Asks: 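Have a look at the structure that comes next, please.
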Amino acid sequence: MKRWPVLAFAFASLAFGTSIAIAAAEWQIIKVNGHDYLSVDNISKFYELPAEVVPSGAKIQAETANRPLEFVSGSREAIINGARSWLCFPVIEQNGKSLVTRTDLAKTIEPLLRPHRVPDVGKVQTVVLDPGHGGYDKGQMSRYGAEKDFALDVVRKLRPILQAKGFRVVMTREGDYFVPLEVRAKIANSARNSIFVSVHFNGSGDDPNATGFEIFSFTPRGAPSTSDSAISSRAYNMQPGSTVDAQSTALSACIYHSLLGHIPEYDRGIKRARFAVLRLTKVPAVLIEGGFLTERGESKLISNKDWREKLAGAIGVGIENYQALPIKKQPPMIVADYRRQTKSAPVEPVNQEGSVKEADASLLQLVGRSALLSQPQTQQQTSTPAPTASIESAPIVP
Ligand SMILES: [Zn+2]
């Protein structure tokens, strides 16, 4: 096996001072076939969090994972803070080390572990709630009813919850009619300091037993979506990224941990997709899949209005925690915190900040450099217009 040099990461330290240059040296970029990787050990040391890599093919259960960071060799599946989270690229092995791409450190691990450090995170005046489907577009069906109706009901329940917390709330539809996806995105884009939260329910034609929650934010530039299996395709590099990628991932984390923490459903994970509403929104945006209408037990739960009220409440807490990130300056509550809280008397969120090092502007540097280095100059996130035609330019709603 060819040994690649381990490169100490050096900065133009003039502008940032020597302390940052020293911190920066803690990141050791490992080049593999021209791509930048970091070892799991390096990541574990940097965050001062234990990390484990389980063998290829192993299945990890988020419920039993007792480590903040757990990876599967050769896989994109990971556990971050006790919730399943999907990396853009698989973990690889090189010279006895498990390696994670720099893209995933910057785009997945950092915003999920420390959403409170994402620049401009938590700026929310208006929450744009988007009940999926509507009118002729029924979405998934169960014996109890249609996705479009359940989604609208959850959003109707969520609106007063958010208003009571002081948010301005706009709904992309108020009744049973279809609103074009680009119009939904436009509503979000035209509101000041808005976030976009789309509510859907799932269905599976292949697996009638499929259950659980999942949440999506827009796939980073140059990366495959979670559902893409051929991850070497050049097509991904043609896709635009999002300038609010990290904020959307932070929003995903806040809402998803609240969902799982309040409602004991199967953890399908924090995922990425290029759904039209996520692609067309220019503000932090997520799409929630609140369970499967094609599974007997779960479809019955979804048909229960009290359960939907609970779902709406959990989403509301997640949004509130997202807004609190820049105020509290500490990680939001994670699934274990919520479960502890619901088991006993309410407790204060666990402050993990004490266990995380302060001097790490180096990571911001890495995040910034990652965005610069992973793509040619012509594909800068901020300067690339939406493509006129792409494999995913057609309106897609899960
Ligand atoms: Zn849907």
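Nothing here was measured: the structure is a model prediction, and the numbers come from that model.
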Asks: I'd like to know if V169 and V154 are part of one continuous hydrophobic network [Ile/Leu/Val/Met/Phe/Trp/Tyr, side-chain heavy atoms within less than 4.5 Å].
Replies: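 Shared cluster, yes.
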Asks: Return the minimal non-hydrogen interatomic distance between H133 and R173, and the atom names on each side.
Replies: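 Heavy atoms of H133 and R173 come nearest at O-NE, 2.7 Å.
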Asks: Using only atom types and a distance under 3.5 Å, with no angle test, would you say the side chain of S194 pairs donor to acceptor with the backbone of A188?
Replies: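 Confirmed, S194 side chain pairs with A188 backbone.
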Asks: Are the side chain of R272 and the backbone N or O of F218 linked by a donor-acceptor pair below 3.5 Å?
Replies: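 Looks like yes, one N/O pair under 3.5 Å.
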Asks: Under 3.5 Å, is there a donor on one side chain and an acceptor on the other for E110 and Y47?
Replies: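 Result is yes, a qualifying pair exists.
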Asks: Looking at E147 and K138, does any basic side-chain N land under 4.0 Å from a carboxylate oxygen?
Replies: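 Salt bridge between E147 and K138, a charged N being under 4.0 Å from a carboxylate O: no.
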Asks: Answer yes or no on whether R279 is positioned over the face of F216, meaning its NZ or CZ is under 6.0 Å from the six-membered ring centre and within 45° of the axis.
Replies: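 No, a cation-pi geometry is absent between R279 and F216.
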Asks: Start with the C-alpha distance between E26 and K45, add both sets of side-chain angles, then the distance that settles salt bridge (Lys or Arg N to Asp or Glu O under 4.0 Å), and finish with yes or no.
Replies: CA-CA 9 Å; E26 292 174 6; K45 282 203 183 78; over 6 Å; no
Asks: Distance-only, no hydrogens or angles: does the R268 side chain make a donor-acceptor pair with backbone N or O of T211 under 3.5 Å?
Replies: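 Between the backbone of T211 and the side chain of R268 there is a qualifying donor-acceptor contact (under 3.5 Å).
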Asks: Less than 4.5 Å apart, any side-chain heavy atom of V127 and any of V170?
Replies: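 V127 does not reach V170 side chain to side chain.
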Asks: Decide if atom NZ of K157 counts as having more than 12 heavy atoms of other residues, nucleotides or ligands within a radius under 6.0 Å.
Replies: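 Result for NZ/K157: enclosed.
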Asks: Under the 3.5 angstrom rule, does the side chain of R184 hit a backbone N or O of P131 as a donor-acceptor pair?
Replies: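 Present.
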Asks: Looking only at side-chain N and O atoms, does S225 offer a donor or acceptor that is under 3.5 Å from a partner on T219?
Replies: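 Side chains of T219 and S225: pair found under 3.5 Å.
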Asks: Roughly how far, to the nearest 0.5 Å, is CD of E70 from CD1 of I79?
Replies: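 Those atoms lie 6.5 Å apart.
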Asks: Identify the heavy atoms of A51 and V40 that sit nearest to each other, and give their distance.
Replies: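 Looks like CB-CG1, 3.7 Å.
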Asks: Using 0.5 Å steps for rounding, measure from the CD1 atom of I215 to the OG atom of S85.
Replies: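 One finds 11.0 Å between CD1 of I215 and OG of S85.
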Asks: I need the minimum non-hydrogen distance between F71 and L87, along with the two atoms involved.
Replies: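 Shortest heavy-atom contact: CD2-CD1, 4.0 Å.
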Asks: Is a side-chain N or O of E289 found less than 3.5 angstrom from the main chain of N202, in a donor-acceptor match?
Replies: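 A pair under 3.5 Å: yes.
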Asks: State yes or no: do L280 and V286 share one hydrophobic cluster built from I, L, V, M, F, W and Y residues joined by side-chain heavy-atom distances below 4.5 Å, directly or via other members?
Replies: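 No, separate clusters.
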Asks: Between D41 and S44, is any side-chain donor less than 3.5 angstrom from a side-chain acceptor?
Replies: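 Not at all, the side chains of D41 and S44 share no donor-acceptor pair under 3.5 Å.
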Asks: Do V277 and D130 have side chains that get closer than 4.5 Å, going by heavy atoms?
Replies: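 V277 reaches D130 side chain to side chain.
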Asks: Drop me the distance from H116's NE2 to L325's CG, to the nearest 0.5 angstrom.
Replies: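 Result: 8.0 Å between the selected atoms.
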Asks: State whether a side-chain donor-acceptor pair under 3.5 Å links D267 with Y256.
Replies: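 Indeed, the side chains of D267 and Y256 share at least one donor-acceptor pair under 3.5 Å.
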Asks: Under a 4.5 Å cut-off applied to non-hydrogen side-chain atoms, are P50 and P68 in contact?
Replies: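 Yes, close enough: below the 4.5 Å cut-off.
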Asks: Check the pair Y144 / L293 against side-chain contact (heavy atoms from CB on, under 4.5 Å), numbers first and verdict last.
Replies: CA-CA 9 Å; Y144 306 104; L293 287 167; over 6 Å; no
Asks: Are V335 and W86 connected in a single hydrophobic cluster, I mean Ile/Leu/Val/Met/Phe/Trp/Tyr linked by side-chain heavy atoms less than 4.5 Å apart?
Replies: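 No; tracing contacts between hydrophobic side chains, which count when under 4.5 Å, never links both residues.
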Asks: Side chains of K305 and K310, heavy atoms from C-beta outward: is any pair under 4.5 Å?
Replies: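 They are not in contact (no side-chain heavy atoms under 4.5 Å apart), so the answer is no.
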Asks: Can you tell if the side chain of N209 reaches within under 4.5 Å of the side chain of F292, non-hydrogen atoms only?
Replies: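 Not in contact.
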Asks: For residues W307 and L152: do they belong to one hydrophobic cluster (side chain heavy atoms under 4.5 Å, members Ile, Leu, Val, Met, Phe, Trp, Tyr)?
Replies: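 They do share one cluster, since a chain of ILVMFWY contacts under 4.5 Å joins W307 to L152.
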Asks: Under 3.5 Å, is there a donor on one side chain and an acceptor on the other for S73 and E93?
Replies: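 Yes - a donor-acceptor pair under 3.5 Å links their side chains.
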Asks: Checking side-chain hydrogen bond (donor to acceptor under 3.5 Å, both in side chains) for the pair D245/S248: CA distance, chi angles, key distance, verdict?
Replies: CA-CA 5 Å; D245 190 80; S248 295; over 6 Å; no
Asks: Give the cluster check for I43 versus L113: same hydrophobic cluster or not, with ILVMFWY residues linked at side-chain heavy-atom distances below 4.5 Å.
Replies: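 I43 and L113: one cluster.
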Asks: Assign the ring pair F201 / F150 to parallel, tilted or perpendicular, where the plane angle (0 to 90°) is split at 30° and 60°.
Replies: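 Taking F150 first and then F201, their aromatic rings stand perpendicular (interplane angle over 60°).
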Asks: Does the side chain of T226 come within less than 4.5 Å of E77's, by heavy atoms?
Replies: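 The answer is no, as the side chains (C-beta and beyond) never meet within the 4.5 Å cut-off.
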Asks: Under 3.5 Å, side chain of T281 to main-chain N/O of L278, donor-acceptor pair present?
Replies: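 Checked: pair present.
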Asks: Looking at T294 and S204, would you say the former's side chain and the latter's main chain have a donor-acceptor pair under 3.5 Å?
Replies: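 Yes, T294 side chain to S204 backbone: donor-acceptor pair under 3.5 Å.
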Asks: With side-chain contact (heavy atoms from CB on, under 4.5 Å) as the criterion, how do L259 and L311 come out once you've worked through the C-alpha distance, each side chain's angles and the decisive distance to 0.1 Å?
Replies: CA-CA 7 Å; L259 280 178; L311 185 74; 3.6 Å; yes
Asks: Would K31 and D36 pass as an ion pair if we require N to O under 4.0 Å?
Replies: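 Between D36 and K31 there is a salt bridge, with a charged N closer than 4.0 Å to a carboxylate O.
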Asks: Report the distance from atom CG of L129 to atom CG of L162, rounding to the nearest 0.5 Å.
Replies: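 Rounded to the nearest 0.5 Å, the CG-CG separation comes out at 6.0 Å.
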Asks: Between V183 and T172, is any pair of side-chain heavy atoms under 4.5 Å apart?
Replies: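 No, every pair of side-chain atoms sits at 4.5 Å or beyond.
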Asks: Thinking salt bridges, do D153 and R156 make one under a 4.0 Å N-O criterion?
Replies: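 Here D153 does not pair with R156 in a salt bridge, since their nearest N and O are not under 4.0 Å apart.
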Asks: Any non-hydrogen side-chain atom of N81 less than 4.5 Å from a side-chain atom of L112?
Replies: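 No; the side chains remain at least 4.5 Å from each other.
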Asks: Evaluate I288 against F213 for side-chain contact (heavy atoms from CB on, under 4.5 Å), listing each step before the verdict.
Replies: CA-CA 8 Å; I288 299 162; F213 292 143; 5.9 Å; no
Asks: Testing the basics here: between L69 and I109, what is the closest heavy-atom pair and its distance to 0.1 Å?
Replies: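 Looking at all heavy atoms of both residues, the shortest contact is CD2-CG2, 4.5 Å.
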Asks: Please identify which of these residues, S258, S252, C254, meets the side chain to side chain contact (heavy atoms under 4.5 Å, CB included) condition with Y322.
Replies: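 Exactly one pass, corresponding to C254.
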Asks: Using only atom types and a distance under 3.5 Å, with no angle test, would you say the side chain of D337 pairs donor to acceptor with the backbone of I334?
Replies: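 Checked: pair present.
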Asks: For the pair K300 and E295, find out whether any cationic side-chain nitrogen is under 4.0 Å from an anionic carboxylate oxygen.
Replies: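 No, no charged N to carboxylate O under 4.0 Å.
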Asks: Pair V317, Y338 - check side-chain contact (heavy atoms from CB on, under 4.5 Å), show working.
Replies: CA-CA 10 Å; V317 169; Y338 287 114; 3.7 Å; yes
Asks: Hey, could you give me the OG/CD distance between S303 and E298, rounded to the nearest 0.5 Å?
Replies: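 With rounding to 0.5 Å, OG (S303) is 11.5 Å from CD (E298).
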Asks: Please report the interatomic distance CZ(F178) to CG(D137), rounded to the nearest 0.5 Å.
Replies: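 Result: 5.0 Å between the selected atoms.
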Asks: For the side chain of W27 and the backbone of L38, is there at least one donor-acceptor N/O pair under 3.5 Å apart?
Replies: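 Judged by distance alone, no pair lies under 3.5 Å.
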Asks: Check S142 against S299 and note the closest heavy-atom contact, atom names and distance.
Replies: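 Of all heavy-atom pairs spanning S142 and S299, the closest is CB-CB, 3.7 Å.
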Asks: Identify the heavy atoms of V72 and V91 that sit nearest to each other, and give their distance.
Replies: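 Where V72 meets V91 most closely, the heavy atoms are O-CB, 3.7 Å.
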Asks: Any side-chain to backbone donor/acceptor pair from K123 onto D120? Under 3.5 Å, distance only.
Replies: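 No, the answer is negative, given that no donor and acceptor are paired below the 3.5 Å cut-off.
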